Amino acid sequence: MAEPGWEPEQSPQQPQEGPGRLPSEGSEPGGEPYRPQLQEPGAASEYQEGTEEASYEQHVPETNFSQAHTLGQESHQAQEVSMYQTYPLGTQEPRGAYQSYSERDHYHAYEHKHGPYLPHEPGYGLYQPGYSPYDDQTPDPEHRMLAFQNAKAYLLKSSVTSGLNLYDHLVNVLTKILDEQPTNPVDIFENISKDVKAAQFQKKMDTLRDEHEVLPSFDSAEMHRNLFLKTDGEGDEEQEEMGETPLPNVMETAFYFEQGGIGLSRDETYLIFLALKKLVSAQPIQTCRFWGRILGQEMNYIIAEVQYHEGEEEEETEEEEVMVEGEKRMEEVEDEEKEKGEPPKSTYKPPPVIPKEENGTGANKYVYFVCNEPGKPWVKLPPVTPAQIVCARKIKKFFTGRLDAPVVSFPPFPGNEANYLRAQIARISAGTHVSPLGYYQFTEEGDEDEEGGEGRDDCEENPEFEPLSAFEMVESLSTWVHHVPSILNQGRCVWFNPLQKPEEEEGEGEEEKDEVPDELQQEVGPPLLTPLSEDEGIQNIPAWTASVSTKLTPQYAVAILRSNRWPGAYAFACGTKFGNIYFGWGHKYSLGNHTPALPPPVQPEYPDGPEISEAADPTVEEELAFKAAREQKALESMEEEEEEEFEDEDDDDD
């Protein structure tokens with residue numbers, strides 16, 4: 001038996017009431033009320049047998065597919081309306097369960113043609129238990145109106161959280177859709193619902209202006225916009241110095257690295273190119289080069305390697321020396337003030353401080369500028385000191401992208417992230433900047449001054465350089481050389497004797513000077529222009545890996561070199577052109593995990609002895625005895641003083 005609440009289709013067995021319409025359930029062709037009876041399966045009443053054929057002959061030809069679809073649709077709507085109301089048994093008159101319907105047969109034919117419905121299709125569930133549109137019981141109009149009222153009351157329930165109800169919300173959403181008529185409203189229905197909800201909580205009249213949200217893409221576009229604008233004097237300089245310019249051809253270098261699958265996107269490379277152009281126009285730079293990019297956790301560092309003109313760099317050095325001298329004088333004054341009225345200080349003397357190399361020499365030969373993104377201002381990094389390089393070799397820290405961030409490590413790093421970045425740049429440059437053999441040669445002045453070529457840290461381009469083919473550059477690593485001096489364990493490229501006294505004190509301590517060199521041995525690193533074949537690998541991993549960009553067109557191939565000790569360092573060579581670049585985290589490769597250095601051993605305690613041991617407290621008897629003995633000594637001393645006074649008086653009388 002079907003569930004109550006469904007409105008079945010009108011049976012074609014019943015005569016019509018008027019032309020083209022079906023009669024109501026409670027009427028017969030003769031005007032008498034029609035009362036159907038329940039029958040068992042396979043049985044038929046006399047009335048059905050006599051009237052079924054005549055009913056079909058009169059009404060079936062007039063019924064078309066549109067009428068059947070309308071009847072089925074009304075039945076389905078009646079079921080949806082009455083699903084919230086349950087009707088008691090006996091209130092509705094049942095109908096025959098085995099009456100045939102032309103509309104139903106047509107619907108079944110459509111169903112077989114369509115196939116089974118899927119869960120996402122509208123017809124899914126029509127033939128599930130309790131969901132059939134052909135139930136025999138039809139609700140009364142009163143019950144139908146009650147179902148409508150119950151459903152609307154349910155939709156009008158207000159939310160405890162927002163105070164809105166679903167009925168008004170759906171009305172507002174549908175009204176907005178009909179007014180605006182967007183494309184594909186079903187795809188943005190959720191967004192429209194959110195907008196309608198948000199509009200309920202906004203004030204209708206507000207004197208304050210809305211602060212529109214600025215998208216990150218707009219900020220980046222505004223920042224990059226400055227790269228395409230020319231300054232006042234930039235056009236004149238380009239016309240005057242059209243031939244020679246310190247601005248490097250970054251796009252050409254990026255093209256060669258792109259042959260080996262290395263580099264950034266072309267858009268980002270061009271933005272870096274424009275950023276370097278701004279740097280060259282703002283600073284008195286003699287040479288400029290795109291060094292690479294070091295990755296950070298929050299932001300990255302774009303690094304430019306520059307070299308000032310001869311006069312400009314000396315002024316900066318003088319300012320630094322003045323600052324150092326002022327700090328030394330302040331320290332001397334503080335030491336003199338502390339020495340007055342203070343206990344003696346410890347005789348421990350810390351090891352001498354290794355001075356940094358002068359600007360333009362050694363690890364400070366070049367000056368480095370960094371920025372986080374093209375368009376942001378360039379920031380100059382400070383010179384590197386030997387102590388920072390030595391400490392950077394013992395720690396391993398990720399960069400954050402903020403130059404003022406502290407470097408928390410053990411051993412403690414002497415500086416912030418800007419100093420740590422400068423130390424890593426010096427280490428990477430000393431170990432990975434290479435060039436083809438014969439491209440550089442030693443200067444003539446260095447050959448005359450230094451015997452044997454040791455200690456020469458300067459070289460110049462060879463005008464007679466003859467390039468090798470790409471396959472010859474790849475076959476042997478001896479065709480590549482280091483053109484940047486290596487850094488010693490001391491943290492300098494040129495060894496410094498810490499026990500060497502200044503020239504003023506040389507005359508006073510000549511005897512001590514002869515004994516010192518036996519204790520310290522001068523550090524000697526690999527000479528300049530050393531071939532890569534002499535680089536030490538990491539166990540079974542070679543220090544370098546060479547490859548060719550393509551083997552299909554060897555005459556246009558590019559030799560690519562990749563460093564295994566510093567992942568992210570690359571070099572290329574193609575004819576008379578070569579280049580070095582770095583893209584990485586700024587860390588050296590290690591086989592195992594990084595293990596921080598252990599803290600120094602604990603300082604031993606001061607030796608115990610009777611001088612510092614605490615004495616036991618005396619008992620009460622001992623304190624009384626000590627007090628009595630002290631009083632007795634005081635009495636004896638007073639008696640002796642009285643006797644001496646008497647003797648003096650007797651002498652005066654005599």
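In this chain, numbering begins with 1 at the start of the sequence shown. The figures that follow rest on heavy atoms only: side chains count, while hydrogens, waters and symmetry mates do not. Note that this is a predicted model, so its numbers are computed, not measured.
Interatomic distance, NZ of Lys277 versus CG of Leu227, reported as 10.0 Å (0.5 Å rounding). The structure places CZ of Arg266 at 14.5 Å from CZ of Phe273, a figure rounded to the nearest 0.5 Å. Here the CD-OH distance, from Gln283 to Tyr308, works out to 4.0 Å after rounding to the nearest 0.5 Å. Distance CG/Leu468 to CD/Glu475: 10.0 Å, rounded to 0.5 Å. Atom OG of Ser547 is separated from atom CE of Met473 by 12.5 Å, given to the nearest 0.5 angstrom. Between the CG atom of Leu276 and the CG atom of Leu271 there is a distance of 11.0 Å, given to the nearest 0.5 Å.
Listed by chain and residue number, Tyr440, Val481, His483, Phe578 satisfy the side chain to side chain contact (heavy atoms under 4.5 Å, CB included) test with Ser435 (two or more places apart in sequence, or in another chain).
In plain terms, the two heavy atoms of Ile389 and Gly491 that are nearest each other are CD1-O, 3.5 Å. The shortest non-hydrogen separation linking Val434 to Leu532 is CG1-CD2, 3.4 Å. In this structure, Ala392 and Gln424 approach most closely via the heavy-atom pair CB-OE1, 3.5 Å. Of all the heavy atoms in Cys574 and Phe572, the pair that sits closest is N-CD1, 4.1 Å. Closest heavy-atom contact between Asn416 and Asp404: ND2-CA, 4.1 Å. When all heavy atoms are compared, the tightest approach of Gln388 to Asn419 is NE2-ND2, 3.4 Å.
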For Ile302 and Phe290, what are the C-alpha separation, side-chain angles and deciding distance, and is it a side chain to side chain contact (heavy atoms under 4.5 Å, CB included)?
CA-CA 8 Å; Ile302 298 174; Phe290 175 50; 3.7 Å; yes
Go through the steps to decide whether Arg565 and Tyr589 satisfy the test side chain to side chain contact (heavy atoms under 4.5 Å, CB included), and finish with yes or no.
CA-CA 5 Å; Arg565 300 177 65 182; Tyr589 176 76; 5.6 Å; no
Would you sort out whether Val280 and Val306 count as a side chain to side chain contact (heavy atoms under 4.5 Å, CB included), showing the intermediate values?
CA-CA 9 Å; Val280 169; Val306 304; over 6 Å; no
Evaluate side chain to side chain contact (heavy atoms under 4.5 Å, CB included) for Cys391 paired with Phe410, printing each intermediate quantity in order.
CA-CA 9 Å; Cys391 186; Phe410 184 83; over 6 Å; no
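Counted within 6.0 Å of NZ on Lys394, heavy atoms from surrounding residues, nucleotides or ligands total 12 or fewer; the atom is thus considered open. For CZ of Phe471, the number of neighbouring non-hydrogen atoms (other residues, nucleotides, ligands) closer than 6.0 Å is greater than 12. Atom CD of Gln539 has 12 or fewer heavy atoms from other residues, nucleotides or ligands within 6.0 Å. The neighbour count for Phe255 CZ, taken as heavy atoms of other residues, nucleotides or ligands under 6.0 Å away, does not exceed 12. Within a 6.0 Å sphere centred on NZ of Lys577, other residues, nucleotides and ligands contribute 12 heavy atoms or fewer. Surrounding CZ of Phe496 are more than 12 heavy atoms belonging to other residues, nucleotides or ligands, all under 6.0 Å away.
Taking 4.5 Å as the limit, some side-chain heavy atom of Leu421 sits within range of a side-chain heavy atom of Ile294. By the 4.5 Å heavy-atom criterion applied to side chains, Leu488 and Cys493 are not counted as neighbours. Side-chain atoms of Ser590 and Lys396, non-hydrogen and from C-beta on, do get closer than 4.5 Å to each other. Two residues are said to be in side-chain contact when any heavy atoms from C-beta on lie closer than 4.5 Å; Ser429 and Tyr368 meet this criterion. In this structure, Phe442 and Leu529 have side chains that are in contact, with non-hydrogen atoms separated by less than 4.5 Å. Residues Ile354 and Pro498 form a side-chain contact, since some pair of their non-hydrogen atoms from C-beta on lies under 4.5 Å apart. Trp291 is not listed as a side-chain neighbour of Ile581, based on a closest heavy-atom distance of 4.5 Å or more. Contact annotation: the side chain of Gln307 never approaches that of Val367 to less than 4.5 Å [non-hydrogen atoms, C-beta and beyond].
Judged purely by atom type and a 3.5 angstrom limit, Glu523 uses its side chain to pair as donor or acceptor with the backbone of Asn489. In this structure, the side chain of Thr530 does not engage the main chain of Pro526 through any donor-acceptor pair within 3.5 Å. Using modelled atom types, one side-chain atom of Lys397 and one backbone atom of Val408 make a donor-acceptor pair closer than 3.5 Å. Checking side-chain atoms of Gln441 against main-chain N and O of Asn462 turns up no donor-acceptor pair under 3.5 Å. In this structure a side-chain-to-backbone donor-acceptor pair under 3.5 Å is present from Ser281 to Lys278. Within the 3.5 Å criterion, the main-chain N or O of Pro355 finds a donor-acceptor partner in the side chain of Arg492. In this structure, the side chain of Asn372 does not engage the main chain of Met299 through any donor-acceptor pair within 3.5 Å. Using a distance-only test at 3.5 Å, with no hydrogens or angles considered, a donor-acceptor pair links the side chain of Ser476 to the main chain of Ser478. Looking only at distances, no side-chain donor or acceptor of Asn364 sits under 3.5 Å from a matching main-chain atom of Thr361. Side chain of Glu417 to main chain of Gly401: a donor-acceptor pair is present (N/O by atom type, distance under 3.5 Å, no hydrogens or angles).
Side-chain contact of Glu472 with Thr479: a donor-acceptor pair under 3.5 Å is absent, judged by distance alone. The closest side-chain donor-acceptor pair between Trp480 and Ser533, if any, does not fall under 3.5 angstrom. In this model, no donor atom of one side chain and acceptor atom of the other lie less than 3.5 Å apart for Asn580 and Thr432. Trp544 and Asn564 are not linked by any side-chain donor-acceptor pair at a separation below 3.5 angstrom, with hydrogens and angles left out of the test.
Aromatic ring centres of Tyr582 and Trp566: separated by at least 6.0 Å. Less than 6.0 angstrom separates the ring centroid of Phe399 from the ring centroid of Tyr420.
Ion pairing between Glu305 and Lys365 fails under the 4.0 Å rule for side-chain N and carboxylate O. A salt bridge links Glu298 to Arg402: one of the charged nitrogens lies within less than 4.0 Å of a carboxylate oxygen.
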